[in-house]
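Please read the structure below before turning to the comments.
Remember, it's 1-based here, ligands and their atoms both numbered in the order they're listed. Residue numbers count from 1 along this sequence. None of these values were measured; they are calculated from a predicted model.
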Amino acid sequence: MFNTKIGGIGYYVPETVMTNDDLTEYMDTSDEWIRERTGIQERRYATKHKETTTTLAARAAEKAIADAGINKEDIDFIIFATLSPDYFFPGSGVLLQRELGITNTEIGALDIRNQCSGFIYGLSIADQFVKTGMYKNVLLVGSEMHSMGLDFDTRGRNVTVIFGDGAGAVICQPTEENGKGVLTTHLHSNGTCAEELAMIIPGSHGGYHLGTEQFGFPEDDKPGGIYITQKMLDDHMIYPNMNGPLVFKWAVQKFPAVIQEALKKTGYESTDIDMLIPHQANLRISQFVQKVLKLSDDQVFNNIQKYGNTTAASIPIALCEARDLGKVKEGDLVCLAAFGSGFTWGSALIRW
Ligand code: ACO
């Protein structure tokens, strides 16, 4: 059995900066409200009609491939994590393969839908493939173009101000170095509150989970259904919905628990963590987790201030930035942790 190491890493964020003040042009909000509640100062927005979740992913992937010192043809599997895919189907993995120009190798491409936990779920999947010797260069990407799917009306402000666009990618490779690479991963979910942080339209539910009345489905008994009704459009139901206080309550319990689980499994203490890279959900959540685990400022990396919450992309973007700044170094014990829609959550411990 091999261990899985991150042999290359890269990220890409679009050029356009959207500050909190810029958002006040579109909705009733303020820099003060956003900073105080989330820590976010600005986020990046991709150029609509020119960039997509897949093209952002491709820019990050190219950097990770170069960082790993491999050729794109060496990639033997793709894992793509996103909640903002280019299409309902097919998934973005095959689009990334095409965008990178590696269709000739006809490798497998897997899309995963685990939202904020997508990168950790993806890393755990890549780890299983690599340590068994099945693949040698798995390209794992988290990418989001949220800006195309947010409600810029005041009624969407509690969600819209939080999210930004960006992509991060890693190349997962086998290593025979003892004690190096991914030491453990832990994945969890609980669907009880699935709709409390969700975008439920379009979808095949036809009102099943929540009752049909509010959606305006046509009253007929003909076969076939409809994903989107005029009422859904009129009532802004096509945008993400979040019960912020509930998400906060769950996140501050599950983040520390899943980190402790990884530490317990490997026999480490929180003082052994050289760098915790939490999913950049909200600075207040990260600070709460830091406090519970009694970590120093030097043990936690946050960059949500600059990029907002980039969901599946937030961990690889932060990990790459931390590495580039010399805050993640060879031999460091790095902990990744996430919580998000589903609810899903997870952690990974890596000896860098
Ligand atoms: N600007 C100004 N006012 C706003 C905004 C905004 N962007 N959004 C909401 N408000 C208003 C509300 O309308 C409400 O007004 P009211 O009292 O007149 O009704 C008031 O602010 C308070 O609203 P709450 O939703 O109760 O605000 P809260 O203090 O809970 O803060 C927040 C909201 C920041 C979302 C908080 O609940 C939170 O941190 N939750 C965690 C959720 C999170 O971080 N999600 C990240 C994405 S999910 C993930 O990655 C895990």
Show which atoms of ligand 1 fall inside a sub-4.0 Å distance from at least one heavy-atom site of I285.
-> 44 (O)
Filtering E32, R37, K249, M242 for the heavy atom nearest atom 45 (N) of ligand 1 leaves M242
Below 4.0 Å from any atom of ligand 1, is there a heavy atom belonging to A251?
-> no
Are any non-hydrogen protein atoms located under 4.0 Å from atom 32 (C) of ligand 1?
-> no
Given C116, P240, P245, A281, which one has a non-hydrogen atom that is nearest to atom 25 (O) of ligand 1?
-> P245
When you measure from the side chain of D22 to the backbone N and O of T19, does any donor-acceptor pair fall under 3.5 Å?
-> yes
How about atom 4 (C) of ligand 1: does it have a protein heavy atom within less than 4.0 Å?
-> yes
When only distance counts, is N282 in polar contact with ligand 1, meaning an N/O pair under 3.5 Å?
-> yes
Looking at residues at least two apart in the chain, or sitting in another chain, which of them share a side chain to side chain donor-acceptor pair (under 3.5 Å) with Q287?
-> R284
In ligand 1, which numbered atoms sit nearer than 4.0 Å to a non-hydrogen atom of H279?
-> 49 (C), 50 (O)
Per-atom filter on ligand 1: closer than 4.0 angstrom to a heavy atom of L197 are 48 (S)
Do any nitrogen or oxygen atoms of G244 lie less than 3.5 angstrom from nitrogen or oxygen atoms of ligand 1?
-> yes
Would you say the side-chain atoms of N302 and Q280 include a donor-acceptor pair closer than 3.5 Å?
-> yes
For R59 and E51, run salt bridge (Lys or Arg N to Asp or Glu O under 4.0 Å): C-alpha distance rounded to whole Å, both residues' side-chain angles, the deciding distance at 0.1 Å, then the answer.
-> CA-CA 11 Å; R59 301 296 82 81; E51 290 183 298; over 6 Å; no
Contact (N/O only, under 3.5 Å) between T29 and ligand 1 = yes
Between S314 and H279: side-chain donor-acceptor atoms closer than 3.5 Å = yes
State whether the number of non-hydrogen atoms from other residues, nucleotides or ligands found under 6.0 Å of F288 atom CZ is greater than 12.
-> no
Protein contact of atom 13 (O) of ligand 1 - nearest heavy atom, named by residue and atom, plus distance = R157 NH2, 3.0 Å
Does the S341 side chain pair with the main chain of A198, one donor and one acceptor, at a distance under 3.5 Å?
-> no
Just jot down the ligand 1 atoms closer than 4.0 angstrom to any heavy atom of G340, in number order.
-> 51 (C)
Give the contacting part of T160 toward ligand 1: side chain, backbone, both or neither, where contact means a heavy-atom distance below 4.0 Å.
-> neither
Report the part of T311 in contact with ligand 1, treating N, CA, C, O as backbone and CB onward as side chain, heavy atoms under 4.0 Å; options are side chain, backbone, both, neither.
-> neither
side-chain contact (heavy atoms from CB on, under 4.5 Å) partner of V130, the single match among T175, T4, V182 | T4
What protein heavy atom sits nearest atom 51 (C) of ligand 1, and how far away is it?
-> F339 O, 3.2 Å
Can you confirm whether something in the protein, heavy atoms only, sits under 4.0 Å from atom 17 (O) of ligand 1?
-> no
Does a sphere of radius 6.0 Å around CG in D234 hold more than 12 heavy atoms from other residues, nucleotides or ligands, not counting ones at 6.0 Å or beyond?
-> yes
Please check if the side chain of D76 supplies one atom and the backbone of K136 the other of a donor-acceptor pair under 3.5 Å.
-> yes
Is there a protein heavy atom at a distance of less than 4.0 Å from atom 29 (O) of ligand 1?
-> yes
Salt bridge E330-K180, side-chain N to carboxylate O under 4.0 Å | yes
Tell me which part of W33 gets within contact of ligand 1: side chain, backbone, both or neither, using heavy atoms under 4.0 Å.
-> side chain
May I ask you to identify, for N309, whether its side chain, its backbone, both or neither come under 4.0 Å of ligand 1 on a heavy-atom basis?
-> side chain
Taking only heavy atoms of N158, which atoms of ligand 1 are found under 4.0 Å from at least one of them?
-> 8 (N), 9 (C)
For F163, counting its heavy atoms only, list the atoms of ligand 1 lying under 4.0 Å from any of them.
-> 47 (C)
Is it the case that T154 and D28 place a side-chain donor and acceptor less than 3.5 Å from each other?
-> no
4.0 Å heavy-atom contact, R284 with ligand 1 | no
Is T229 reaching over with its side chain to a backbone N or O of M232, donor-acceptor style, under 3.5 angstrom?
-> yes
Give the contacting part of V161 toward ligand 1: side chain, backbone, both or neither, where contact means a heavy-atom distance below 4.0 Å.
-> side chain
Does the T266 side chain pair with the main chain of L263, one donor and one acceptor, at a distance under 3.5 Å?
-> yes
Determine whether any heavy atom of Q280 lies closer than 4.0 Å to an atom of ligand 1.
-> no
Is atom OH of Y208 surrounded by more than 12 heavy atoms (other residues, nucleotides or ligands) closer than 6.0 Å?
-> no
